[in-house]
Novice: 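The structure is given below, and queries will be raised subsequently.
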Amino acid sequence: MAGNIKIVVCKTSEEVAKKCAGMFIEQVRNKPASVLGFATGSTPEKTYAEIARLSKAEKVSFAKVTSFNLDEYWGLDGDHDQSYRYFMNDKLFNHIDIRTWNTNVLNGKARFPAVECQAYEDKIVSVGGVDLWILGIGNNGHIAFNEPGSPVDSRTRLVSLTQSTIESNSDGRFFKNANEVPRCALSTGIGTIRDAKKLVLLATGAKKADAVAKAVEGAFSPDVPASLLQDHPDCTFILDTDSASKLKK
Ligand code: GLP
């Protein structure tokens with residue numbers, strides 16, 4: 001499948017962040033009560049700093065925004081400094097006027113994961129769905145914690161992480177060693193993500209070049225979860241030159 005994915009290539013990761021932050025600011029300016037989807041990982045950090053800067057500089061308020069995050073490590077509570085709740089507070093929520101009670105991150109300590117996951121799905125539907133969701137991509141093509149093999153219609157659920165993801169997330173940027181990384185996570189599904197009205201996936205650095213090329217120009221296949229975005233009606237990949245280096249076109 002050739003796919004509908006729109007590609008924007010920027011010279012630097014700073015430019016990637018500016019482009020993406022601009023999309024979020026425009027979204028909230030045009031619809032103050034937007035429903036936004038957020039992601040974690042090192043790639044969106046600069047975007048979050050830029051959203052916070054622009055929100056102040058251009059007086060765009062996030063007070064009416066509702067947000068949903070992609071995923072959370074299973075077994076970590078929100079106070080753990082490697083939890084995705086902690087990351088979001090630290091990198092974005094504490095720097096804009098979004099109301100904490102309107103920010104949704106899956107509870108990694110939920111007693112009944114299936115109930116937590118279904119409630120999350122229901123809550124997304126009850127607020128009218130996600131308007132704009134930012135995504136990263138794993139070196140193996142995963143989105144959120146949907147590892148290779150995840151079905152196109154998967155929903156929020158408890159998943160196991162692959163060894164490659166455990167290793168990528170313990171290279172010193174986050175966990176210090178692989179033993180500290182939880183083996184499971186709660187993750188929105190590919191179907192949950194595909195339901196968003198607009199998607200923007202960011203990738204920077206040469207390590208992502210293979211995954212990006214397969215996602216955009218390879219087969220539409222659960223083997224590369226990000227390729228399952230090819231038939232989304234409004235999906236843009238914002239890339240730096242390194243991550244775009246293996247694209248043929
Ligand atoms: C984790 C997250 C993903 C993210 C990926 C890549 O696995 N669950 O949502 O896209 O890391 O992270 P990074 O941007 O640090 O390369």
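When reading the values below, keep in mind they use all heavy atoms of this one structure, side chains included, and skip hydrogens, waters and symmetry mates. Whatever order the structure lists ligands and atoms in, that order sets their numbers, starting from 1.
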Novice: Any sub-3.5 Å donor-acceptor pair from Glu147's side-chain atoms to Ser160's backbone N or O?
Specialist: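 Side chain of Glu147 to backbone of Ser160: no pair is present.
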Novice: Would you kindly specify which portion of Asn139 sits under 4.0 Å from ligand 1, judged on non-hydrogen atoms: side chain, backbone, both or neither?
Specialist: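 Neither; no heavy atom under 4.0 Å.
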Novice: Quick one: pull up CD1 in Ile96 and CZ in Phe62 and give me the separation to the nearest 0.5 Å.
Specialist: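 Result: 5.0 Å between the selected atoms.
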Novice: Considering only non-hydrogen protein atoms, determine which one is nearest to atom 1 (C) of ligand 1 and report residue, atom name and distance to 0.1 Å.
Specialist: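 The closest one turns out to be Tyr84 OH, 3.6 Å.
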Novice: Looking at Lys109 and Asp79, is any side-chain nitrogen of the basic one under 4.0 Å from a carboxylate oxygen of the acidic one?
Specialist: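 Salt bridge between Asp79 and Lys109, a charged N being under 4.0 Å from a carboxylate O: no.
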Novice: What about Ser42: any of its N or O atoms under 3.5 Å from an N or O on ligand 1?
Specialist: yes
Novice: I need the atoms of ligand 1 closer than 4.0 Å to a non-hydrogen atom of Lys208, numbered in the order shown.
Specialist: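 Those qualifying, in numeric order: 13 (P), 14 (O), 16 (O).
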Novice: Which bit of Leu135 is near ligand 1, meaning a heavy atom under 4.0 Å away: side chain, backbone, both or neither?
Specialist: neither
Novice: What protein heavy atom sits nearest atom 6 (C) of ligand 1, and how far away is it?
Specialist: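 The answer is Ile137 O, 3.7 Å.
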Novice: So, are Lys18 and Glu15 salt-bridged, with charged N and O less than 4.0 Å apart?
Specialist: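 No, no charged N to carboxylate O under 4.0 Å.
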Novice: Are Lys214 and Asp223 close enough for a salt bridge, meaning some N to O gap below 4.0 Å?
Specialist: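 Answer for the salt bridge query: no.
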Novice: Look at atom 8 (N) of ligand 1 and say which protein heavy atom is nearest, naming residue and atom and giving the distance to 0.1 Å.
Specialist: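 Going by distance alone, atom 8 (N) of ligand 1 is nearest to Asp71 OD2, 2.8 Å.
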Novice: Closer than 4.0 angstrom: is that true for some heavy atom of Lys207 and an atom of ligand 1?
Specialist: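 For ligand 1, residue contact (heavy atoms, under 4.0 Å) with Lys207 is absent.
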Novice: Which residue and atom name correspond to the protein heavy atom nearest atom 12 (O) of ligand 1, and how close is it?
Specialist: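 That would be Gly41 CA, 3.8 Å.
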Novice: Using a 4.0 Å cutoff against the non-hydrogen atoms of Thr43, which atoms of ligand 1 qualify?
Specialist: 13 (P), 14 (O), 16 (O)
Novice: Under the rule for salt bridge (charged side-chain N to carboxylate O under 4.0 Å, His left out), what residues qualify as partners of Asp234, not counting sequence neighbours?
Specialist: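 So Asp234 forms a salt bridge (charged side-chain N to carboxylate O under 4.0 Å, His left out) with Lys6, Lys198.
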Novice: As a check for students: among Ala144, Ala39, Gly136, identify the option with a heavy atom nearest to atom 3 (C) of ligand 1.
Specialist: Ala144
Novice: Given His142, Arg173, Glu147, which has its nearest heavy atom closest to atom 15 (O) of ligand 1?
Specialist: Arg173
Novice: In terms of relative ring orientation, are Phe175 and His80 parallel, tilted or perpendicular, with 30° and 60° separating the classes?
Specialist: tilted
Novice: Taking N or O atoms only and a 3.5 Å limit, does Thr40 qualify as a polar contact for ligand 1?
Specialist: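 Min N/O separation from ligand 1 is not below 3.5 Å for Thr40.
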Novice: Evaluate the ring planes of Tyr73 and Tyr84, with Trp represented by its six-membered ring, and classify them as parallel (under 30°), tilted (30 to 60°) or perpendicular (over 60°).
Specialist: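 Tilted.
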Novice: Does Phe38 approach ligand 1 within less than 4.0 angstrom via side chain, backbone, both or neither, non-hydrogen atoms only?
Specialist: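 Neither part.
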Novice: Tell me whether Thr47 contacts the main-chain N or O of Cys20 through its side chain, where contact means a donor paired with an acceptor under 3.5 Å.
Specialist: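 Side chain of Thr47 to backbone of Cys20: no pair is present.
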